[in-house]
Amino acid sequence: MTQLTLSKAVRARRVWTLQSLWSLLSLARQRRALAHLDEHALEDIGVTRDEACKEAKRPIWDVPDNWLKELY
């Protein structure tokens, strides 16, 4: 019988992956909410309806550039 032991580095990587997944899901939720804002709310944050729709249609893996800098 073979036993595998996970090192601390592997466990830390798994935690980072779960945190990343949570962040991606949160980003998707925020994009959906942006798409449902009314014109007044969009005007308040300085975003046009076209910009909001474009942002809402971005895929979940299309993250902001500053997220990529943190990964590398």
Side-chain angles (χ1 to χ4, degrees):
M1 179 177 205
T2 303
Q3 287 185 330
L4 297 175
T5 305
L6 295 177
S7 68
K8 288 182 181 179
V10 172
R11 280 184 254 148
R13 178 75 176 168
R14 181 179 295 150
V15 170
W16 180 88
T17 303
L18 291 174
Q19 289 172 344
S20 297
L21 178 61
W22 184 257
S23 295
L24 289 175
L25 293 174
S26 175
L27 178 63
R29 186 176 59 250
Q30 291 172 33
R31 286 178 174 165
R32 282 192 310 269
L34 180 65
H36 290 96
L37 291 178
D38 63 7
E39 295 300 324
H40 182 69
L42 290 173
E43 185 180 328
D44 283 348
I45 62 173
V47 176
T48 66
R49 171 62 57 197
D50 291 336
E51 291 170 335
C53 289
K54 184 179 177 182
E55 181 67 26
K57 290 179 183 178
R58 288 173 62 182
I60 193 171
W61 57 85
D62 189 5
V63 297
D65 290 337
N66 63 328
W67 286 22
L68 299 176
K69 292 176 186 174
E70 293 175 9
L71 296 177
Y72 300 107

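As a basis for the values below, the full set of heavy atoms in this structure was taken, side chains included, without hydrogen atoms, waters or symmetry mates.
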With Asp38, which residues qualify under side-chain contact (heavy atoms from CB on, under 4.5 Å), at least two apart? His40, Ala41
Sorted by chain and residue number, the side-chain contact (heavy atoms from CB on, under 4.5 Å) partners of Thr48 (sequence neighbours excluded) come out as Asp50, Glu51
Show me the donor-acceptor pairs within less than 3.5 Å that the side chains of residues 25-33 make with the rest of the protein, sequence neighbours left out.
| unit_1 | atom_1 | unit_2 | atom_2 | d |
| --- | --- | --- | --- | --- |
| Ser26 | OG | Arg29 | NH2 | 3.4 |
| Ser26 | OG | Gln30 | NE2 | 3.1 |
| Arg31 | NE | Glu55 | OE2 | 3.0 |
| Arg31 | NH1 | Pro59 | O | 3.0 |
| Arg31 | NH1 | Asp62 | O | 3.3 |
| Arg31 | NH2 | Glu55 | OE2 | 3.4 |
| Arg31 | NH2 | Asp62 | O | 2.6 |

Check for me, please, whether Leu18 and Trp22 land in the same ILVMFWY cluster - side-chain distances under 4.5 Å, paths through other members count. no
Which Ile, Leu, Val, Met, Phe, Trp or Tyr residues join Leu37 in one cluster when any pair of side-chain heavy atoms under 4.5 Å counts as a link? Leu34, Leu42, Ile45, Val47
